[in-house]
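Please read the structure below before turning to the comments.
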Amino acid sequence: MSTKTDTTYDIVVFGATSFVGQILTGYLLESYGIGKDVRWAIAGRSESKLGTLKQGLGPSASELPVIVADAADESALKAMCDQTRVVISTVGPYALYGEPLVKICAETGTDYCDLTGEVQWIRKMVDTYEDIAKASGARIVHCCGFDSIPSDMGVWFLQEKSEETLGAPCQDVRMRVKVAKGEFSGGTVASMMNIAKEAAADPKLRKELANPFSICPPEHRSKTRQPSQKGAEFDNDFGVWLAPFVMGAINTRIVHRSNALQNARYGKEFTYDEAMMTGRGMKGRLAAYGITGALGGFFTASAFKPSRWVVEKFVPKPGEGPSPEAQKNGFYDLRFVGKTTDGKIIKTKVTGDRDPGYGSTGKMLGEAGMSLAFDVPAEKQGGFWTPSSLLDGKLYERLTSKAGLTFEVLETS
């Protein structure tokens with residue numbers, strides 16, 4: 001439970017009218033209702049848009065409380081935080097709009113989670129507000145969507161089972177995206193383009209983005225060189241061609257921070273990387289090179305103003321996304337292989353029953369907020385956490401019982 005006790009609400013969804021915010025609001029309404037065991041409200045800068053959202057959700061949403069607050073208005077954000085124990089934020093790109101809310105949550109002892117994938121912004125937030133959050137008791141948890149819950153909780157699950165069946169954690173873990181059917185969100189694309197723009201203008205940031213331990217405490221480093229999938233290559237563990245996975249840059253950082261916050265539970269020389277499976281033979285090889293080239297072209301074009309304008313013409317805008325039917329038809333299947341220091345191997349998989357960027361993210365974010373509100377002991381220290389390091393088994397139970405995720409051991413040897 002939160003350290004805050006006398007509040008009107010357990011949870012406030014901030015940015016409820018965003019594309020993912022609407023999915024999240026619908027999920028909470030369907031799963032938990034209004035005026036029952038969970039006291040929750042929606043918030044955003046436009047009272048009329050919040051009203052339209054309520055109407056679109058149907059008669060059951062008529063009693064859903066509304067709070068009006070702009071992402072840049074600290075007094076309004078404080079008034080909102082004073083009313084709730086937990087804030088779930090969908091207002092991104094977070095590097096552009098997210099800092100005032102993190103600041104207010106840290107100052108007021110309000111627990112917070114979001115779905116950012118912007119590693120440079122997370123580093124800034126940790127450096128600026130962690131001492132304040134520790135003093136107030138606020139637990140801040142970034143990356144509670146597709147980036148990075150399946151990766152972070154997937155490694156947590158593999159290590160739990162490795163310790164249980166092999167007698168030790170795996171010092172080396174690799175995640176491979178077998179399939180992911182869905183579309184990129186406009187918000188995710190905007191965040192990626194903003195990272196490319198910032199990195200092009202700042203050599204220090206480019207160095208920061210290349211550091212796999214960039215969001216770990218300074219004392220947590222490894223002497224072992226971390227693997228990094230930068231191009232097309234063949235994977236002997238799975239017998240397929242690989243291409244870089246665009247979310248790997250944030251997911252690997254979150255997994256390493258989780259290890260650090262658990263006192264190097266996975267090992268001080270723990271290594272981790274992520275990639276996409278593209279298939280076998282010549283077809284798989286060509287796909288791997290094609291994806292590698294496309295990703296490189298996107299980030300290069302996004303870094304500079306003339307070509308960025310062209311990219312913006314063809315990518316989804318923030319607030320845009322697939323139809324409810326497309327969300328329902330999406331899914332993903334992630335495979336993990338772990339190796340212990342004495343050569344034992346465990347293979348696991350994580351699946352989700354909706355498209356990763358929208359339907360599944362909305363459910364994961366909702367359950368992360370619920371877990372933050374109801375599962376975390378009040379004595380758990382404030383500060384900047386990761387999903388697995390703070391929410392661990394309780395979040396796992398929620399993900400598997402409510403959010404449509406499965407975790408499975410495939411083999412051990």
Side-chain angles (χ1 to χ4, degrees), residues 1-16 21 24 28 32 37-44 65-92 94 97-116 121-144 215 217 254 257-258 260-262 365-392 394-395 398:
M1 298 286 286
S2 168
T3 53
K4 296 172 72 175
T5 53
D6 187 20
T7 60
T8 305
Y9 305 113
D10 300 309
I11 292 172
V12 168
V13 176
F14 184 63
L24 169 60
L28 292 177
Y32 297 100
D37 294 337
V38 183
R39 304 167 302 153
W40 64 288
I42 57 174
V66 167
I67 300 171
V68 178
D70 188 279
D73 186 342
E74 290 191 11
S75 62
L77 294 175
K78 183 179 185 304
M80 177 183 74
C81 288
D82 285 343
Q83 298 179 67
T84 187
R85 299 191 294 115
V86 174
V87 174
I88 305 175
S89 176
T90 70
V91 179
Y94 294 86
Y97 307 115
E99 182 170 355
L101 179 55
V102 170
K103 175 179 182 286
I104 297 301
C105 284
E107 291 174 347
T108 59
T110 307
D111 291 344
Y112 165 101
C113 62
D114 65 25
L115 44 72
T116 185
W121 181 71
I122 295 172
R123 174 77 271 162
K124 180 183 176 185
M125 295 302 96
V126 172
D127 288 347
T128 307
Y129 299 111
E130 179 144 55
D131 288 344
I132 298 171
K134 284 181 176 179
S136 72
R139 283 75 64 100
I140 312 291
V141 189
H142 297 300
C143 302
C144 292
I215 58 173
I254 291 295
R257 184 169 175 84
S258 290
L261 294 179
Q262 296 175 90
L365 182 59
E367 292 306 328
M370 293 296 297
S371 190
L372 197 52
F374 296 105
D375 300 337
V376 181
E379 62 270 17
K380 199 76 172 182
Q381 184 181 25
F384 284 72
W385 295 84
T386 60
S388 71
S389 64
L390 182 67
L391 307 176
D392 53 60
K394 293 293 186 180
L395 180 58
R398 289 181 176 275

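A quick note: this is a predicted structure, and the numbers were derived from the prediction, not measured. What's counted below: heavy atoms across the whole structure, side chains too, no hydrogens, waters or symmetry copies.
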Backbone N/O of [Y] and side chain of [X]: donor-acceptor pair under 3.5 Å:
X    : Y    : result
R139 : K380 : yes
S136 : A106 : yes
R39  : T8   : yes
D111 : I140 : no

Check step by step if side chain to side chain contact (heavy atoms under 4.5 Å, CB included) holds for M370 and V38.
CA-CA 9 Å; M370 293 296 297; V38 183; 3.4 Å; yes
Would you indicate whether the side-chain heavy atoms of [Y] and [X] approach each other to under 4.5 Å?
X    : Y    : value
P387 : V141 : yes
V91  : L101 : no
F374 : R85  : yes
V87  : M80  : yes
Y94  : V102 : no
L372 : L390 : yes
R257 : I122 : no

Show your reasoning for whether side chain to side chain contact (heavy atoms under 4.5 Å, CB included) applies to E130 and K134.
CA-CA 6 Å; E130 179 144 55; K134 284 181 176 179; 3.7 Å; yes
Ion pair check, K103 and E107, cut-off under 4.0 Å:
yes
Knowing that exactly one of Y129, W121, W385 qualifies, which makes a ring-ring contact (aromatic ring centres under 6.0 Å, His included) with H142?
W121
Measure the spacing between [atom1] of [X] and [atom2] of [Y] and express it to the nearest 0.5 Å.
X    : Y    : atom1 : atom2 : result
T84  : W40  : OG1   : CH2   : 12.0 Å
E74  : L77  : CD    : CG    : 7.0 Å
L391 : S371 : CG    : OG    : 4.0 Å
I88  : F14  : CD1   : CZ    : 13.0 Å
T110 : D82  : OG1   : CG    : 7.0 Å
M125 : C105 : CE    : SG    : 12.0 Å

Take a 6.0 Å sphere around OH of Y32 and say whether it holds more than 12 heavy atoms from other residues, nucleotides or ligands.
yes
Can you confirm whether D131 is buried at CG, in the sense that more than 12 heavy atoms of other residues, nucleotides or ligands lie under 6.0 Å from that atom?
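Open: at most 12 neighbouring heavy atoms sit under 6.0 Å from CG of D131.
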Least distance between heavy atoms, [X] atom then [Y] atom:
X    : Y    : result
I104 : K78  : CG2-CA, 3.6 Å
C144 : C113 : SG-CB, 3.9 Å
G369 : V86  : O-CG1, 4.1 Å
C143 : D114 : N-OD1, 3.2 Å

